[in-house]
Amino acid sequence: SDDELFGVGLGDLSVAVDDDTAADVAEPSAAELETFRAVELACLEGRRIDTEAGAALAIGSGWYAQISEGAYGDVIRDALLKAVVERPPLKVSAIADRCQALMTRRGGQARARAELTAAGAACLRLYQQANYSGPLPSDETLNLVEGYAPKLLDVGGDAPSPFVAAPGALTLALALLEAANEGAASWWLVRAKTLHARCLVTGSHRVCGTFIESVNKHAADARTWLAGASNDTRALLELEIGLAEHFLDEPGRGRAHFREAAAIASLNLTLEGSMGKRTKFQVDSKPQLRVAETTTTEGTTPTAQVPESSDLNEDSVLLEDVAFDDKKRRANVKDARRAALTSCVALALCLDVRNTNPDDGLTNDEMRPYVAFALASPVDWLVHSAALLQRCRIEAHSVYSADRAALQLEVLANQHVSQKPGDASPQDRIAFASCVDYPSRWELDGEVAHAMASLGAFVSAAERFKKIHEWDLVIELYAAAGRRE
């Protein structure tokens, strides 16, 4: 039906009929296209853009530069996109027709695809910032994509969460990227389809199965487009494909892609044993697990602004980190992006341990070294946030660290909605947003509430559950706190 979204279970988009004639636009040269490919890769990887791709691609290049600075609203309000963005229609097919009409007016070739891809990327980044990386965009920016009915994101009767912010941004991103459908758009579509699936309330196996077919198609196209790219770039794509399989509950949950990413990037992140101490009063060293990449005793790795890390209770017997006898620690890497990629792969392997083992203490012990490894190099805001979150999930099972886990979760949840002096900028936060398993705002609120309830902070937990409309739990917690009104 027309209400099914953007190629999920549908055929190709219909060709729009438009009154305007196709613009007589000079297509870019091969050299300009190659330069522009570098611009597209920089934006996909979250890097700053300081390259101009030539006059024929000036608009697309300018939009990518704005995206790299976090100015997504400036791209969306551009006069060229006015016919697509304004007056939100009631059917998905109407949005797709508008995108096809815009592509026709812009020449219908490489230049038009480049511009539609850049516009789709801006919308997708806005959606990611509003729902995952934070802080919440300004009301002025969110108003640019308001008016799009959330039901436009329905798939097979599965509706998006009522707590999704800026659903119109995701709707527009999918339409613009499907219209481009080649080159860099393939990689952006892997991200967009994954985010679309994640926003659905139930995520049934039937719906997820339809999504994975689409993701696999775009992933294959993206691999072809990345031929000749650096190993680190190709490893990022494999990592994201693995996370897509994880979120879509595919058999293997991304394990093969996580290991392929590590192999492509030449990372040895297997576990090894080494003697060390875990508690303050431990006298004899015992065998402890750690990541094999930990082989350096000197040097420094660049650091970045990262979230505050809560301290353990002073009465806790645990050390902050395992004290290894050989004093070795994570290898230092001068390239901060390489260090961030290494942390992302480590967290993916940690996720694989969780996916393939029962939820018990032994599994947590196997996950802990990967988390400690990622936390050892604070080189990216959201990567560090994901590592802190995983540490919270592990520590919540211990009486010695459960309170620190709850406090840390609250810090992570609050950074979604506010930005304090010293926090990373929105564009820095979002650079690796697609490369880590990090929950949405409403999912994180739920985790905070459960952690507070487990510590007996029933009223605080109830207030959190109110935000996500878990009314049955709100009633139970107020009753447990002795409140009857």
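Everything quoted here is computed from the prediction, not taken from an experiment. Computed from heavy atoms alone, side chains included, the values below leave out hydrogens, waters and symmetry copies. Residues take their numbers from the sequence shown, with the count starting at 1.
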Lys/Arg-Asp/Glu bridge criterion (N-O < 4.0 Å) met for Glu463, Lys466
yes
Approximate separation, where rounding is to 0.5 Å, of Leu124 CG and Ile430 CD1:
8.0 Å
NZ/NE/NH1/NH2 to OD/OE distance under 4.0 Å, Glu178 and Lys193
yes
Note, Cys199 side chain near Pro160 side chain (heavy atom, < 4.5 Å)
yes
Has Thr233 got a side-chain atom pairing as donor or acceptor with Ala229's backbone, closer than 3.5 angstrom?
no
With sequence neighbours left out, write down each residue that passes salt bridge (charged side-chain N to carboxylate O under 4.0 Å, His left out) with Arg113, or none if nothing qualifies.
Glu182
Checking side-chain polar atoms at under 3.5 Å, does Gln415 have a donor or acceptor matched by the opposite partner on Ser385?
yes
Under 3.5 Å, sequence neighbours excluded: what are the donor-acceptor pairs made by side chains of residues 79-88?
none

side-chain contact (heavy atoms from CB on, under 4.5 Å) between Thr171 and Val92, worked out
CA-CA 8 Å; Thr171 302; Val92 167; 5.6 Å; no
Hey, mind stepping through Arg429 and Asp380 against salt bridge (Lys or Arg N to Asp or Glu O under 4.0 Å) and telling me if it holds?
CA-CA 7 Å; Arg429 293 187 187 199; Asp380 180 83; over 6 Å; no
With rounding to the nearest 0.5 Å, note down the distance linking SG in Cys392 to CG in Leu409.
4.0 Å
Any Cys43 side-chain heavy atom under 4.5 Å of Ile49 side chain:
yes
Are side-chain N/O atoms of Thr224 and Asp221 paired as donor and acceptor at under 3.5 Å?
no
Using a strict threshold of under 4.0 Å (side-chain N to carboxylate O), is an ion pair present between Arg111 and Glu115?
yes
Do Glu245 side-chain atoms and Glu250 backbone N/O form a donor-acceptor pair below 3.5 Å?
no
Check whether the side chains of Glu240 and Trp187 place a donor and an acceptor atom closer than 3.5 Å, and report yes or no.
yes
May I ask you to check whether Phe258 and His246 place their ring centres under 6.0 Å from each other?
no
Spatial distance of atom CG (Leu236) from atom OG (Ser434) [nearest 0.5 Å]:
9.5 Å
Flag this pair as yes if the NZ/CZ of Arg125 is under 6.0 angstrom from the six-membered ring centre of Trp188 and inside a 45 degree cone about the axis; otherwise no.
no
Aromatic contact, His469 with Phe163 (centres under 6.0 Å)
yes
Between Asp352 and Arg253 (salt bridge meaning N to carboxylate O under 4.0 Å), is one present in this structure?
no
Does either side chain, that of Arg391 or that of Ser309, offer a donor lying less than 3.5 Å from an acceptor on the other one?
yes
Side chain to side chain donor-acceptor pair (under 3.5 Å) pairs, two or more places apart, involving residues 437-447:
Arg393-Glu447, Ser440-Trp442, Ser440-Glu443, Asp445-Arg464
Stepwise salt bridge (Lys or Arg N to Asp or Glu O under 4.0 Å) test for Lys217 and Glu213
CA-CA 6 Å; Lys217 172 187 175 296; Glu213 292 175 9; over 6 Å; no
